[in-house]
Amino acid sequence: MLAHSLLNKAIQEALSKVYSISVNESEITLQKTRKEFEGDFTLVTFPYIKATKQSPEQVGDALGKFLTENNKNITKYNVVKGFLNLSLSNDFWLGFFNSESSVSNYGFKKEGTSGKTIMLEYSSPNTNKPLHLGHIRNNLLGYSVAEILKTQGHKVIKANLVNDRGVHICKSMLAWKKFGNGETPQSSGMKGDHLVGKYYVAFDKAYKKEIEELVSGGKTKEEAEKQAPLMLEVQEMLRKWEAGDKETIDLWKMMNGWVYDGFAKTYSTLGVNFDKMYYESNTYVLGKEIIQEGLAKKVFYKKDNGSVAIDLSAEGLDEKIVLRSDGTSVYITQDIGTAIERFKEFPQLNQLIYTVGNEQDYHFKVLFKILEKLGYNWAKECYHLSYGMVELPEGKMKSREGTVVDADDLLDEMFSTAEQTTKELGKVEGFSDEELKTLYHTIGSGALKYFMLKVDPKKKMLFDPKESIDFNGHTGPFIQYTYARIQSVLSKAGHIPAAADASVTLNELERELIKLIYEYPSVLEESAKAYNPSLIANYVYELTKSFNRFYHDYSILKEENEKVKQMRVMLAKQCSDIIKNGMKLLGIEVPNRM
RNA sequence: GGCCCCGUAGUUCAAUGGAUAGAACGAGCGUUUCCUAAACGCUAAAUCCAGGUUCGAUUCCUGGCGGGGCUACCA
């Protein structure tokens with residue numbers, strides 16, 4: 001920011017003094033100078049050719065001359081076509097390095113300073129089967145965006161709305177009751193969510209068989225699906241559940257308990273957490289009264305068959321049913337109710353973010369529009385953090401076709417790959433078994449998390465289980481490795497100086513690193529504004545890559561000039577702090593040794 | 001059919017309307033008596049097609065082609 005406000009001011013002055021034209025900041029296009037040219041920042045001069053009636057080169061030359069003559073911080077310039085490349089002084093960069101970037105928590109604003117409170121909902125699993133690769137993207141994204149928002153001084157409430165009721169839950173319950181023989185996680189040694197998932201699959205299998213039999217007995221497929229005895233039983237079970245039947249509720253509680261134990265393990269392995277848990281068994285009744293209010297306000301209307309609907313065709317959407325003709329809720333009814341409930345529960349809430357896949361883009365458009373029509377002015381602060389699907393080489397994951405990549409299995413594979421690679425490289429003598437286990441976890445989950453978060457959340461991504469995830473190149477372990485090397489240097493250096501001597505002249509790579517450090521706060525800001533962790537992931541990679549080149553080309557500890565050596569130690573420290581903090585925002589830990 | 005998203009090296013990903021479109025993996029070549037070679041360097045390799053707006057388009061607009069998603073009184 002420092003350099004930008006300095007340059008913006010200087011450029012405004014130059015334009016006014018040289019050409020008598022006044023521009024505001026938004027009319028100044030300032031970008032970082034590309035590597036192949038000399039300079040730190042580049043002003044695009046094309047926009048001024050009309051007002052000045054001169055060529056872009058002439059404008060660049062005149063401005064460059066004025067700037068270097070009138071500002072001691074601007075030392076050099078060169079003009080290439082419509083681009084004026086400006087160099088800031090060694091003193092400027094060293095001054096920034098000594099005062100601005102050497103503070104702790106550089107780039108972070110203190111929590112609460114923005115005065116904004118945000119609820120961010122993510123994860124929101126169903127309790128009928130274990131988590132898979134798609135959930136992993138959701139969890140990593142939600143967690144990371146929450147952490148990134150905190151860096152801007154916002155208070156963030158991480159919320160999880162668990163879908164713990166409904167027909168799909170009853171399917172697992174019924175199958176367990178019929179075929180389970182009392183099997184439990186303890187008796188089978190199976191993780192609770194996987195055990196329940198097994199019965200969900202078992203239900204589906206048995207149900208399909210019944211359908212087949214009915215179809216061969218002369219029914220149509222649709223009739224068979226509705227009349228299959230298992231389906232009738234499941235519906236009966238759901239009715240009992242809603243009526244509070246003790247036996248059904250007990251079974252439901254027991255099996256959901258198994259699932260929660262399983263999820264807790266997966267969440268802990270993934271390193272995600274929540275401040276607030278919501279359960280649909282508590283919230284599914286919400287929203288009905290709101291529908292009545294909406295009817296009174298004429299936002300909704302009653303159809304001939306008794307159902308309640310809203311017409312959104314004027315906004316380019318369709319008619320949407322908000323209450324069935326039998327008076328029961330549809331999914332969006334609950335969503336309307338829970339949103340309103342949350343703003344009542346947290347009156348200080350400024351924003352509500354939903355981390356949900358882009359297949360529900362339409363649903364959220366409708367939801368937000370309805371809230372707006374109901375007159376809630378916070379409706380415009382609701383945001384759908386919509387992310388792309390994770391696809392396999394053969395296409396979308398389909399649980400029925402068994403192409404789902406299980407979260408726990410995948411994480412285990414990552415850990416064992418990390419173990420294998422670490423053993424092959426053989427650099428971990430002196431580690432205890434416990435430390436090794438932690439290291440494999442750090443590297444394995446780091447690889448997976450970085451892999452998923454480096455991609456723009458909005459875009460769909462491809463995951464190829466066969467090729468697995470790399471540990472070299474643009475990856476989490478590459479960044480972790482760089483961090484570990486720096487820690488090794490720092491511990492050998494012993495003392496970390498508080499400031500670099502003002503007489504030091506920065507070389508090209510040192511200067512490049514300091515310029516990257518300078519960018520960090522604005523990367524955090526941008527990333528928060530765009531709800532996009534990939535900006536941080538790619539920035540940290542760029543910093544790491546530049547550091548590795550510096551590390552390769554120059555020695556830190558063997559540098560003979562003591563003042564330069566001190567500066568390099570400090571530089572290494574600042575880079576490693578940013579690597580650590582930045583990775584932490586992605587939910588990734590960094591090891592001191594690997 | 002209607003609505004929404006996406007098409008960038010062989011592959012996976014980058015690029016607030018700006019310079020010669022960047023990385024990584026894979027391919028080929030090279031670097032270690034030197035702070036950790038999970039590293040560093042070099043070579044080959046891409047904007048789906050056709051128009052338009054602009055001083056300037058991978059980016060914005062229109063049309064085509066190709067891929068995905070949504071379009072329930074399901075969740």
Side-chain angles (χ1 to χ4, degrees), chain A residues 29 31 33-37 42 44-47 49-50 55-56 80-83 85 126 163 165-168 280 284 303 305-309 316-318 320-335 357-363 365 386 388-389 391 393 395-396 418 421-422 424-425 427 443 447 451 454-456 458-464 467 469-482 484-493 526 530 534-535 537-538 541-542 544-545 548-559 568-569 572 593-594:
Chain A
T29 310
Q31 58 199 43
T33 303
R34 299 182 64 127
K35 280 203 191 92
E36 57 269 38
F37 302 99
T42 296
V44 183
T45 60
F46 289 110
I49 55 180
K50 267 188 189 149
S55 71
V80 182
K81 290 187 270 182
F83 301 92
N85 302 316
N126 292 343
N163 188 330
R165 63 162 286 279
V167 226
H168 50 299
E280 279 197 10
Y284 81 105
K303 299 183 56 156
N305 57 22
S307 62
V308 179
L317 305 166
D318 296 322
K320 177 76 190 174
I321 300 289
V322 293
L323 207 59
R324 292 193 188 101
S325 47
D326 64 4
T328 58
S329 298
V330 292
Y331 193 73
I332 205 160
T333 321
Q334 302 178 43
D335 269 351
N358 65 9
E359 56 200 353
Q360 293 196 37
D361 283 356
Y362 181 78
H363 172 80
K365 269 189 200 166
S386 164
M389 296 289 102
E391 287 177 11
K396 211 183 162 188
T421 310
T422 304
E424 278 167 16
L425 292 169
K427 299 181 185 180
I443 297 173
F451 180 86
K454 74 173 177 181
V455 181
D456 186 336
K458 288 195 283 294
K459 296 186 181 170
K460 65 165 190 247
M461 68 181 295
L462 190 100
F463 182 87
D464 187 344
E467 297 207 353
I469 292 172
D470 240 295
F471 282 36
N472 298 320
H474 188 180
T475 67
F478 168 91
I479 295 166
Q480 291 171 323
Y481 172 71
T482 305
R485 268 167 143 194
I486 298 176
Q487 295 321 296
S488 171
V489 171
L490 293 178
S491 73
K492 282 175 184 153
E526 196 48 48
S534 80
L535 299 178
N538 287 305
Y541 173 69
E542 206 184 329
T544 302
K545 189 141 179 54
N548 277 331
R549 183 147 14 127
F550 165 69
Y551 179 93
H552 178 266
D553 290 0
Y554 299 96
S555 180
I556 297 168
L557 298 176
K558 289 184 181 143
E559 168 57 41
R568 286 187 184 162
V569 170
R593 275 182 69 196
M594 67 185 273

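Proteins get letters first, then strands, A, B, ... in listed order; numbering begins at 1 in each.
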Is Y481(A) stacked on the base of rU36(B) when the test is centres under 5.5 angstrom and planes under 30 degrees? no
Selection from rC13(B), rC70(B), rU16(B) that lies nearest to any side-chain heavy atom of Y362(A): rC70(B)
If the P atom of rG17(B) is compared with that of rU11(B), how far apart are they to the nearest Å? 27 Å
Position toward the 5' end of RNA chain B (nearest nucleotide), N85(A) or T421(A): N85(A)
Tell me the interatomic distance from M389(A), atom CE, to rC6(B), atom C1', rounded to whole angstroms. 14 Å
Plane angle bin for F83(A) and F46(A) - parallel if under 30°, tilted between 30 and 60°, otherwise perpendicular: perpendicular
Would you mind classifying the nucleic acid contact of K459(A) as base, sugar-phosphate or nothing, using non-hydrogen atoms under 4.0 angstrom? sugar-phosphate
I'd like to know whether the aromatic ring centres of Y541(A) and F478(A) sit less than 6.0 Å apart in this structure. yes
With respect to the side chain of K545(A), which nucleotide from rC4(B), rU16(B), rC40(B) is positioned closest? rC40(B)
Is the phosphate of rC35(B), meaning OP1 or OP2, less than 4.0 Å from a side-chain N or O of R568(A)? no
With centres under 5.5 Å and planes under 30°, do F37(A) and rA19(B) count as stacked? yes
Ring of Y551(A) versus six-membered ring of rA39(B): centres under 5.5 Å and planes under 30°? no
Check: T482(A) side chain, rA39(B) base, donor-acceptor under 3.5 Å: no
When the P atoms of rA57(B) and rA50(B) are considered, how many whole Å apart are they? 15 Å
Is there, by distance only and without an angle test, a donor paired with an acceptor across the side chain of N548(A) and the base of rA37(B) below 3.5 Å? no
The side chain of V330(A) lies closest to which of these nucleotides: rA14(B), rU20(B), rA75(B)? rA75(B)
Quick one: which of rA75(B), rC13(B), rC70(B) gets closest to the side chain of V455(A)? rC13(B)
